[in-house]
Amino acid sequence: MPEMNMVDAIHDALTIAMEADDTVMILGEDVGANGGVFRATDGLQAKFGEDRVVDAPLAEGVIAGAAVGLAIAGMTPIAEIQFLGFAHQAYHQIADQVARYRSRSQGRFNLPIVIRSPFGGGVRAPELHSDALEAQFVHCPGLKVVCPATAHDAKGLLLASIADPDPVLFLEPLRGYRLVTDEVPEDAYTVEIGKARVVRTGTDITLIGWSAGVFLAEKAADVLAKDGISAGVVDIRTLAPLDIDTIVAEVSATGRAVIVQEAAMTCGFGAEVATTLAAEAFFSLESPITRVGAPDAPYPLPGLEKMYIPDVAAVVAGAKVAMEAV
Amino acid sequence: MPEMNMVDAIHDALTIAMEADDTVMILGEDVGANGGVFRATDGLQAKFGEDRVVDAPLAEGVIAGAAVGLAIAGMTPIAEIQFLGFAHQAYHQIADQVARYRSRSQGRFNLPIVIRSPFGGGVRAPELHSDALEAQFVHCPGLKVVCPATAHDAKGLLLASIADPDPVLFLEPLRGYRLVTDEVPEDAYTVEIGKARVVRTGTDITLIGWSAGVFLAEKAADVLAKDGISAGVVDIRTLAPLDIDTIVAEVSATGRAVIVQEAAMTCGFGAEVATTLAAEAFFSLESPITRVGAPDAPYPLPGLEKMYIPDVAAVVAGAKVAMEAV
Amino acid sequence: MTVDPDTLAYPVEPAPEPIRLLGPDGRLVDGAEPTLTVEQVVAAYKLMWLSRRIDERAFNLQRQGRLGTFSPTRGQEASVLGSGLALRPGTDWLVPQYRELTAMLYHDQPIDLWFAYWMGHMQGSATPDTLRILPTQIALAAQLPHAVGLAWGRKIQGFDEVVITYFGDGASSEGDFHEALNLAGVTKAPVIFLLQNNGWAISTPRSKQSAATSFAARGPGYGMPGVVVDGNDLLAVYEVSKRAAQRARDGLGPTLIESMTYRLGPHNTADDSVRYMDADELERRELEDPVTRVRLYLDSHDAWNDDDEEALAAEHKTIIDEAVAAAEAHQPEPERLFDHVFAEPTHRLADQRTQVLTNARGGIHA
Amino acid sequence: MTVDPDTLAYPVEPAPEPIRLLGPDGRLVDGAEPTLTVEQVVAAYKLMWLSRRIDERAFNLQRQGRLGTFSPTRGQEASVLGSGLALRPGTDWLVPQYRELTAMLYHDQPIDLWFAYWMGHMQGSATPDTLRILPTQIALAAQLPHAVGLAWGRKIQGFDEVVITYFGDGASSEGDFHEALNLAGVTKAPVIFLLQNNGWAISTPRSKQSAATSFAARGPGYGMPGVVVDGNDLLAVYEVSKRAAQRARDGLGPTLIESMTYRLGPHNTADDSVRYMDADELERRELEDPVTRVRLYLDSHDAWNDDDEEALAAEHKTIIDEAVAAAEAHQPEPERLFDHVFAEPTHRLADQRTQVLTNARGGIHA
Ligand SMILES: Cc1ncc(C[n+]2csc(CCOP(=O)(O)OP(=O)(O)O)c2C)c(N)n1
Ligand SMILES: Cc1ncc(C[n+]2csc(CCOP(=O)(O)OP(=O)(O)O)c2C)c(N)n1
Ligand SMILES: [Mg+2]
Ligand SMILES: [Mg+2]
């Protein structure tokens with residue numbers, strides 16, 4: 001199996017989907033000749049034509065909103081929002097239109113839309129380019145939210161998202177685009193939406209993350225191992241729907257959990273995981289669930305981002321707190 | 001002290017603030033001659049003039065966005081969003097501009113903006129008028145989110161919000177506008193932002209809510225009392241900042257907690273409260289924290305809303321679950 | 001190149017005269033050449049009355065607590081129907097806001113479902129697959145991007161279909177208006193933007209909505225023509241809409257039509273328009289009632305008489321009685337909360353569904 | 001009333017000729033009457049060079065990893081400065097996007113803070129209270145509503161101040177553009193909307209951004225005039241901006257100016273414009289360089305020579321060296337993360353602050 005980085009895996013999935021189905025089209029800012037600012041759509045316009053890979057005018061609202069109409073027309077639109085921060089410009093279309101159209105029409109109009117967007121920090125980007133805003137979208141009934149952490153899952157989950165009859169927000173960890181490399185089958189395959197991935201099992205504590213949080217959790221588990229702490233790692237992978245059973249199973253075995261989110265702490269997705277986990281694994285928990293995240297402050301300019309977003313040390317520290325509490 | 005309903009209390013606060021300070025102005029849809037669709041600004045345009053009470057063009061984005069500029073200009077804008085659902089049209093301005101401007105300018109430009117909006121269901125309104133979306137705004141660093149449940153607090157917290165040098169999203173429980181009536185001092189006073197209110201103490205369980213959730217919690221406590229269960233009630237009152245100490249103190253005394261939110265369950269503000277509470281009161285908890293809320297479905301048409309939003313019975317049921325778990 | 005720095009390439013100019021074929025007196029304007037036959041106008045007239053009678057019934061039902069908040073089409077029947085007539089029901093697409101009943105009727109909207117929807121029954125949202133009308137849109141202007149995507153997507157696939165989308169003077173201030181028209185221009189989407197300027201957005205008068213002398217002036221800023229029409233003139237609205245539809249089919253792209261009409265009453269059943277509407281103005285506007293105008297036109301063609309009117313009223317009563325009865329027969333179906341969120345409910349949703357369906361109460365606990 | 005239903009009140013018309021006073025050859029166009037004195041043009045010329053040199057230095061620093069992603073103003077110096085000159089530094093207000101360096105310099109932007117900002121130091125965001133420039137805005141068009149609110153708010157308070165806001169052809173497609181211009185029209189806010197049409201939004205060419213033949217055509221749709229100017233002509237941009245500022249002060253409200261310029265290079269330091277820009281086109285556009293044009297003009301007035309040029313370069317080098325040194329001297333101040341979120345930190349924020357400041361690591365746990 002070839003090794004591939006994440007952006008190539010995404011490119012691969014897009015190519016496969018477009019080859020297999022004429023209705024699949026891509027629209028977004030700079031997705032055409034430029035191939036997307038991260039090259040996820042490199043060469044696709046040349047290959048599939050200007051009708052199927054469309055440089056949209058610079059307006060996120062209508063990129064998401066036109067996708068609604070395109071889907072009703074019988075297309076399978078894949079909309080790219082250049083950075084997740086700018087999905088705020090389309091929030092009304094995503095939360096109230098994309099997510100609710102099937103329900104509003106009582107099943108008549110389903111929308112097989114995928115909205116792809118890179119998110120998260122760590123690459124010294126300008127302001128508003130680095131926020132981890134996933135929780136704002138999980139709290140939108142009718143929307144699935146998918147967050148791969150490996151190239152393998154990026155390809156398989158993207159193909160599953162495109163095949164899904166309902167709208168999926170597909171969030172790609174910006175800083176993993178080229179850094180994350182793993183084995184990716186060449187052919188088409190899907191990874192089921194709604195299944196977490198047990199990255200490794202542990203006996204003392206379970207580290208739970210998604211997207212870039214998994215990178216941290218894995219490294220933290222290595223560090224903890226050196227200190228004699230056996231830490232398992234779970235990659236939640238799809239935030240909505242959430243596979244709580246896998247998480248509960250892992251945490252029931254260890255009795256302790258750390259949830260790693262990159263977002264500002266308050267009201268992040270970690271709170272949902274912690275609450276559900278506490279409710280379902282209450283009697284197995286030996287210590288309070290610890291959350292690791294960013295402070296409740298706006299994402300800073302690059303000079304301070306290392307202090308803002310959680311790093312491996314923060315996860316290790318969180319895990320130690322959870323280990324010490326009796 | 002006169003009895004007043006909530007919308008009158010809000011009207012009273014607005015009048016006091018505008019009389020006291022020439023820079024205070026109101027802008028929004030239909031706030032002028034019409035006095036707001038719920039009459040919160042009734043007569044204010046006639047009293048303070050068209051420059052200070054402004055019927056804005058129908059565009060929530062620029063209502064919030066112009067408030068930024070007005071605040072920089074030295075005004076104290078109170079923006080009304082007619083229904084919270086339509087704040088989605090302004091989400092980019094609220095989350096990324098209003099909330100972040102002080103931080104972006106490193107303290108130079110503070111924005112004394114209040115954004116008022118009715119929210120929540122139960123009045124058989126058309127689609128998109130009834131959602132409880134508070135969590136989407138709590139997860140916006142730089143924004144305060146205030147949710148009064150009584151007329152007294154509505155007046156005091158609104159005056160505190162207007163006086164606050166930073167932006168406050170002030171959420172008013174639509175169905176309480178005329179139904180909720182309590183004693184409201186005639187003069188100006190403020191209720192501190194960041195302090196929860198212990199509505200009643202209990203010995204068996206603590207019901208925690210905000211806004212319309214408090215109405216339910218109080219009634220549920222009455223029902224539970226008949227069953228011999230002593231339930232305390234806490235009104236969180238200001239979601240951001242959250243007064244966790246008061247909540248922890250109450251729950252530590254009872255060992256059990258139910259959190260009542262009107263919003264769709266997943267990723268609602270209840271998750272944040274539950275997580276923080278579980279972390280801080282872990283060893284006092286005798287049973288898992290129970291959340292009561294709406295299902296993870298779009299808010300339905302009026303015919304089904306009674307099944308969708310939580311009612312007193314759901315809170316009672318949740319409390320019983322929490323009582324039974326050992 | 002222009003050397004005079006005082007040159008305003010685009011000065012603000014007075015509003016143009018709207019296109020009108022039929023005057024308020026029911027007479028054709030000099031030179032008017034309507035292409036609707038008298039029979040077609042008779043059919044349209046019937047629909048206008050049906051629409052108005054449904055409005056009236058709905059208003060009464062609301063007052064009796066049997067129907068929710070709703071916005072009548074009253075006064076705007078010519079505006080919505082004249083344009084709706086230019087499209088082919090079942091082939092072309094209607095993308096409504098919430099005040100286009102007459103056009104929806106022409107495009108085969110089942111009346112019972114319309115009542116059911118405004119009564120708050122989710123059954124009313126389940127329209128037949130053959131109906132080419134998108135769901136009623138509550139968020140103002142949010143449907144405009146959908147209309148563009150729909151028109152564009154059908155065009156990509158080689159279909160010869162036109163989309164019309166309706167919205168008000170108020171909605172035209174939303175960012176969605178701008179983004180949608182701009183995309184339509186770029187993609188040459190076969191779409192008609194029918195701006196119903198009825199003078200009001202709830203209580204906000206046209207004059208406070210925009211300083212533009214005409215909303216149609218916005219067309220060229222998106223590379224599409226802007227047309228201004230007397231929205232209370234069925235014949236004129238039809239003619240300009242027909243031409244816009246033809247341009248769309250000819251691959252010439254979208255058109256913005258500003259239909260100058262007037263809201264003859266409160267915004268909706270919750271609105272107290274006496275607070276802000278001038279009574280004299282309203283009275284004056286009643287004289288331009290689009291339905292009366294068509295009746296006068298038909299009179300002058302001896303195509304309609306008082307007996308016809310009476311028979312029509314009776315027919316409509318039956319239709320509406322039946323529709324209301326059918327609509328009121330719906331019982332709450334709580335599974336509708338859950339069954340159309342996704343194709344397959346998630347685990348969590350399935351659990352919540354069980355909880356709600358099992359217990360006779362609102363909400364869930366977890 | 002108009003009776004012909006083919007009447008397009010607002011047809012799509014060809015783009016107007018831009019206003020130009022100074023040709024690419026540095027000669028005044030016949031009939032041109034610039035009001036900037038030669039001395040003023042000399043001062044402007046210096047600023048244009050300073051701006052370009054700062055751009056170049058920043059680009060180099062980025063390549064060395066000493067500065068973050070940034071967008072040069074190169075090629076647009078006349079467009080931003082000509083307009084900026086028409087306003088009074090310290091009195092009137094600049095509301096920038098991110099590509100208006102030359103105007104900011106005229107309005108007293110400290111150069112070291114500019115470098116510090118793009119280096120990612122939050123100290124760079126802390127501008128002096130006297131500076132009437134709002135923060136750099138990364139979200140496209142999001143500053144337009146702020147500019148309107150600011151202009152309107154100052155007007156309400158009786159101040160005689162003008163606001164200019166800058167944005168690109170790409171940003172003009174955002175809903176914020178529309179909502180802001182419409183509100184400005186209604187409130188007659190004293191604001192100038194300076195649309196820099198530089199041909200590109202990253203890789204998206206002007207032709208795909210809008211089907212409008214001219215962006216300025218949008219002005220009347222908001223009740224304001226639209227002006228088209230050669231954006232590479234300092235003198236012309238100044239003249240039209242001066243007139244717009246005067247209209248604003250006279251209570252006549254806003255103006256939309258489309259400044260036709262060109263981005264002479266990649267969008268930003270992360271962009272590989274070879275992928276989509278035509279090399280020949282770029283070469284042709286280099287010939288219209290706005291700085292060269294001014295130099296030729298000054299030459300024809302014997303107002304500048306090569307010695308001056310050399311002295312200026314040396315002077316700028318010193319200024320920039322000092323600014324860069326000052327900017328690079330900043331150390332991370334993690335308290336800046338917390339101290340300006342609110343006037344008083346919340347309890348939670350205070351706890352988080354302690355955690356971050358105490359431990360030398362990123363993020364927090366709770
Ligand atoms: C995005 C949004 N904002 C606000 C509202 C509340 N609202 C409903 S109707 C209305 C006025 C609409 O005016 P207009 O667009 O002119 O349409 P009309 O009702 O006159 O047909 C308002 C403000 C809404 N439904 N959607
Ligand atoms: C709301 C928003 N969407 C997307 C982006 C990403 N982005 C940054 S610059 C740019 C192109 C801007 O083009 P234009 O407005 O013409 O300005 P120019 O860069 O040409 O000066 C894009 C898409 C952004 N910063 N903000
Ligand atoms: Mg209207
Ligand atoms: Mg540009």
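The structure presented is a predicted model; accordingly, all values stated were derived computationally and were not measured.
- With a 4.5 angstrom heavy-atom cutoff, A294(B) touches chain C only via backbone atoms.
- The pair K208(C)-E50(B) counts as a salt bridge, with a side-chain nitrogen and a carboxylate oxygen less than 4.0 angstrom apart.
- When each of P302(B), A317(B), P295(B) is checked for heavy-atom pairs under 4.5 Å with chain C, P295(B) comes out on top.
- Side-chain atoms of N34(B) do not come within 3.5 Å of backbone N or O of S203(C) as any donor-acceptor pair.
- With a 4.5 Å cut-off on non-hydrogen atoms, V37(B) touches chain C through its side chain but not through its backbone.
- For M307(B), the parts sitting under 4.5 Å from any heavy atom of chain C are the backbone and the side chain alike.
- Contact of the R348(C) side chain with the D296(B) side chain is registered, since non-hydrogen atoms from C-beta on lie closer than 4.5 Å.
- Only the side chain of V321(B) comes within less than 4.5 Å of a heavy atom of chain C; its backbone N, CA, C and O stay farther away.
- For E262(B), no part lies under 4.5 angstrom from a heavy atom of chain C.
- Your options are T136(C), L140(C), V341(C), I202(C), and the one with the most heavy-atom pairs under 4.5 Å with chain B is I202(C).
- Note that the CG atom of L337(C) and the CD atom of E305(B) stand 10.5 Å from one another [nearest 0.5 Å].
- The part of L128(B) that comes within reach of chain C is its side chain, from C-beta onward, which places non-hydrogen atoms under 4.5 angstrom from that chain.
- Between chain B and the options G170(C), S125(C), P205(C), heavy-atom pairs under 4.5 Å are most frequent for G170(C).
- Atom CD of Q64(C) has more than 12 heavy atoms from other residues, nucleotides or ligands within 6.0 Å.
- For A56(B), the part lying under 4.5 angstrom from a heavy atom of chain C is the backbone only.
- The 12-atom threshold is not exceeded at CD of E344(C), counting heavy atoms of other residues, nucleotides or ligands nearer than 6.0 Å.
- In this structure, CZ on R291(B) lies 12.5 Å from NE2 on H365(C), to the nearest 0.5 angstrom.
- With contacts defined as side-chain heavy-atom distances shorter than 4.5 Å, the pair R361(C)/K306(B) does not qualify.
- The main-chain N or O of G362(C) is found under 3.5 Å from a side-chain atom of D311(B) such that the two form a donor-acceptor pair.
- Highest contact tally toward chain B, considering only E333(C), M119(C), H267(C), is held by E333(C) [criterion: heavy-atom pairs under 4.5 Å].
- Proximity to chain C is absent for every atom of Q261(B), based on heavy atoms less than 4.5 angstrom apart.
- Neither the backbone nor the side chain of I259(B) comes within less than 4.5 Å of any heavy atom in chain C.
- Residue contact with chain B, scored on non-hydrogen atoms closer than 4.5 Å, involves the backbone of A171(C) exclusively.
- We find the CG-CZ distance between L58(B) and F167(C) to be 12.5 Å, quoted to the nearest 0.5 Å.
- Heavy-atom distances place the side chain of F86(B), and not its backbone, under 4.5 Å from chain C.
- Between R275(C) and D42(B) there is a salt bridge, since at least one side-chain N of the basic residue sits less than 4.0 Å from a carboxylate O of the acidic one.
- Smallest separation of non-hydrogen atoms from P300(B) and M122(C): CB-SD, 3.6 Å.
- With a 4.5 angstrom heavy-atom cutoff, Y117(C) touches chain B via backbone and side-chain atoms both.
- With a 4.5 angstrom heavy-atom cutoff, Q123(C) does not touch chain B via any of its atoms.
- If you tally non-hydrogen atom pairs under 4.5 Å between each of A139(C), G168(C), S273(C) and chain B, the highest count goes to A139(C).
- The contact between Q89(B) and chain C is made entirely by side chain atoms (from C-beta outward), counting heavy-atom distances below 4.5 Å.
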Please determine whether side-chain contact (heavy atoms from CB on, under 4.5 Å) holds for the pair H129(B) and I138(C), giving the CA-CA distance in whole Å, both sets of side-chain angles, and the decisive distance to 0.1 Å.
CA-CA 9 Å; H129(B) 284 67; I138(C) 298 298; 3.3 Å; yes
